[in-house]
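To keep things clear, I will list the structure first and then write my remarks on it.
What you see below is based on every heavy atom in this structure, not just the backbone, and it leaves out hydrogens, waters and symmetry mates. Throughout, numbering of the chain's residues begins at 1 and tracks the sequence.
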Amino acid sequence: MNRIEPKIALVTGASSGIGQATAERLANAGYNVFGTSRRGTQAGKHPFEMLSLDVTSDASVEAAVSEVIRREGRIDLLVNNAGFGVAPAGAEESSMDQARAIFDTNFFGLIRMTRTVVPHMRRQGSGRIINIGSVLGFLPMPYGALYAATKHAVAGYSESLDHELRTRGIRVSVIEPAYTKTPFDANFLEPDAKLDEYREARAGVTKRVNEVMATAEHPAVVAEAVLKAASAMRPQVRYAAGSLAKRLRFLRRFAPAGLVDAGIRKDLRLDVRAGSQPARTARAF
Ligand SMILES: NC(=O)c1ccc[n+]([C@@H]2O[C@H](COP(=O)([O-])OP(=O)(O)OC[C@H]3O[C@@H](n4cnc5c(N)ncnc54)[C@H](OP(=O)(O)O)[C@@H]3O)[C@@H](O)[C@H]2O)c1
């Protein structure tokens, strides 16, 4: 990668939030950036080129990647960012169709992009793939089980792929932010199989998520982590992005599992029901 020409970056889901901040940061750092949105250029004016892309469609992925190759002849950096969440709900409150839908974007979308871009990077003998995971790739999220499952899948895929591609000049990293202030929660899908059983728990976790989202870190923090991973001579496989994410990463690695388990239950008030006391695990944290 000792070329004078700007490096070519492709950032999925660059119409808002983390993807937009990342595309802007990379453009400022000198990359020639192609962002994407399902609405294409209708997604508004941005200081980078916007392509139309739906990561759930093989044809759309093929078309977007071909367009970058046609125009630039190479892709140096792929940032797989496109993704969404389901509003807090019990795991059984999403139908199988909804479970498939979230995996189709958050996980299979990332695989579609990777499978389409990697042959070009192999031909070049170089490239970086940066996947936007989450702290929910190494922590559980009660009432966010499907989303956490997609991010655990992203982490496992990224770490494995990095081992496969390293000797071919390609490195893969996963960036793991905690709560980040973006339209992410405004774009939540509503659970499509609600049960009265979970009404109280749903309301409690939603309240807690709203509280933390209000004081969450700016997406520029995640964009900075992407740039760091993209430009490191020897990139790490995983980067925690932001102070809360770093704290959680530290706890997961060094704190006893029981303490982390109790901390999650306490933070989300899972053992506090009308008139009842917190369970012993929660008080132990
Ligand atoms: N915000 C957080 O607290 C947080 C924390 C950790 C990780 N993350 C992760 O960060 C990533 C970005 O989320 P965000 O917070 O920036 O939310 P956001 O503002 O809602 O951005 C989501 C982006 O994904 C795109 N997108 C959604 N479905 C798509 C599809 N099928 N094909 C192509 N693009 C699609 C959207 O573009 P269009 O609608 O214009 O197509 C949008 O640009 C996600 O992977 C999310 O899981 C977020």
Side-chain angles (χ1 to χ4, degrees), residues 1 7-14 17-31 33-36 55 65 74-83 106-122 124-139 148 150-178 180 182 217 219-250 252-253:
M1 287 205 194
K7 289 181 181 157
I8 310 300
L10 175 57
V11 181
T12 69
I18 291 170
Q20 181 179 346
T22 297
E24 287 173 2
R25 185 67 189 93
L26 290 170
N28 279 341
Y31 284 78
V33 179
F34 292 84
T36 79
V55 297
V65 172
R74 58 188 295 120
I75 297 176
D76 298 296
L77 171 63
L78 167 64
V79 182
N80 281 311
N81 164 77
N106 292 14
F107 184 54
F108 294 117
L110 178 150
I111 295 181
R112 267 185 206 95
M113 290 301 301
T114 303
R115 283 181 50 76
T116 311
V117 168
V118 161
H120 299 288
M121 290 183 168
R122 277 197 286 103
Q124 293 161 198
S126 67
R128 291 280 164 96
I129 299 173
I130 297 186
N131 296 327
I132 306 300
S134 165
V135 292
L136 302 181
F138 60 82
L139 286 170
T150 66
K151 294 301 184 181
H152 275 70
V154 166
Y157 179 74
S158 305
E159 284 208 38
S160 306
L161 190 66
D162 181 59
H163 278 287
E164 293 180 19
L165 296 180
R166 212 177 284 181
T167 48
R168 296 170 171 87
I170 304 166
R171 295 302 307 258
V172 184
S173 299
V174 58
I175 309 293
E176 301 183 310
T180 309
T182 71
E217 284 184 269
V221 171
V222 186
E224 215 49 56
V226 173
L227 181 60
K228 187 174 170 190
S231 41
M233 283 285 285
R234 286 190 190 78
Q236 296 166 207
V237 180
R238 299 173 92 129
Y239 289 82
S243 51
L244 177 58
K246 284 179 184 147
R247 240 174 18 248
L248 291 171
R249 178 87 233 167
F250 182 84
R252 172 95 282 186
R253 196 172 291 163

Report the distance from atom [atom1] of [X] to atom [atom2] of [Y], rounding to the nearest 0.5 Å.
{"X": "Phe34", "Y": "Leu78", "atom1": "CZ", "atom2": "CG", "result": "13.5 Å"}
{"X": "Phe138", "Y": "His152", "atom1": "CZ", "atom2": "NE2", "result": "9.0 Å"}
{"X": "Asn81", "Y": "Ile175", "atom1": "CG", "atom2": "CD1", "result": "11.0 Å"}
{"X": "Ile170", "Y": "Ile129", "atom1": "CD1", "atom2": "CD1", "result": "6.0 Å"}
{"X": "Leu227", "Y": "Ile130", "atom1": "CG", "atom2": "CD1", "result": "8.5 Å"}
{"X": "Tyr157", "Y": "Leu110", "atom1": "OH", "atom2": "CG", "result": "6.5 Å"}

Spell out, as yes or no, whether a donor-acceptor pair under 3.5 Å connects the side chain of [X] to the backbone of [Y].
{"X": "Arg128", "Y": "Ala229", "value": "yes"}
{"X": "Ser134", "Y": "Glu176", "value": "no"}
{"X": "Asp76", "Y": "Ile8", "value": "yes"}
{"X": "Ser173", "Y": "Gln236", "value": "yes"}

What are the two closest non-hydrogen atoms of [X] and [Y], and how far apart are they?
{"X": "Gly83", "Y": "Asn106", "result": "CA-OD1, 3.2 Å"}
{"X": "Ala225", "Y": "Ala241", "result": "CB-CB, 3.9 Å"}
{"X": "Leu248", "Y": "Ala178", "result": "CD1-CB, 4.4 Å"}
{"X": "Leu26", "Y": "Ala9", "result": "CD1-CB, 4.2 Å"}
{"X": "Arg238", "Y": "Ala155", "result": "NH2-CB, 3.5 Å"}
{"X": "Pro177", "Y": "Gly133", "result": "CD-O, 3.5 Å"}

So, do [X] and [Y] sit near enough that their side-chain heavy atoms are less than 4.5 Å apart?
{"X": "Gln124", "Y": "His120", "value": "yes"}
{"X": "Val55", "Y": "Met113", "value": "yes"}
{"X": "Ser243", "Y": "Glu217", "value": "yes"}
{"X": "Met121", "Y": "Ile75", "value": "yes"}
{"X": "Thr180", "Y": "Ile18", "value": "yes"}
{"X": "Ser126", "Y": "Arg74", "value": "yes"}

TODO: Report the C-alpha distance between Val226 and Ile132 in whole Å, list the side-chain angles of each, state the deciding distance to 0.1 Å, and finish with yes or no for side chain to side chain contact (heavy atoms under 4.5 Å, CB included).
DONE: CA-CA 9 Å; Val226 173; Ile132 306 300; 3.8 Å; yes

Open item on the list: Please determine whether side chain to side chain contact (heavy atoms under 4.5 Å, CB included) holds for the pair Asn80 and Val154, giving the CA-CA distance in whole Å, both sets of side-chain angles, and the decisive distance to 0.1 Å.
Closed with: CA-CA 10 Å; Asn80 281 311; Val154 166; over 6 Å; no

Open item on the list: Tell me if the CZ atom of Arg168 is crowded by more than 12 foreign heavy atoms within 6.0 Å.
Closed with: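 No, not enclosed.
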
Task: Worked verdict on Asn131 versus Val172 for side chain to side chain contact (heavy atoms under 4.5 Å, CB included) - done: CA-CA 8 Å; Asn131 296 327; Val172 184; 3.9 Å; yes

TODO: Scan for side-chain hydrogen bond (donor to acceptor under 3.5 Å, both in side chains) pairs involving residues 222-233, sequence neighbours excluded, and state none if there are none.
DONE: Arg25-Glu224

TODO: Could you walk me through whether Arg171 and Asp162 pass the salt bridge (Lys or Arg N to Asp or Glu O under 4.0 Å) test, one step at a time?
DONE: CA-CA 6 Å; Arg171 295 302 307 258; Asp162 181 59; 2.9 Å; yes

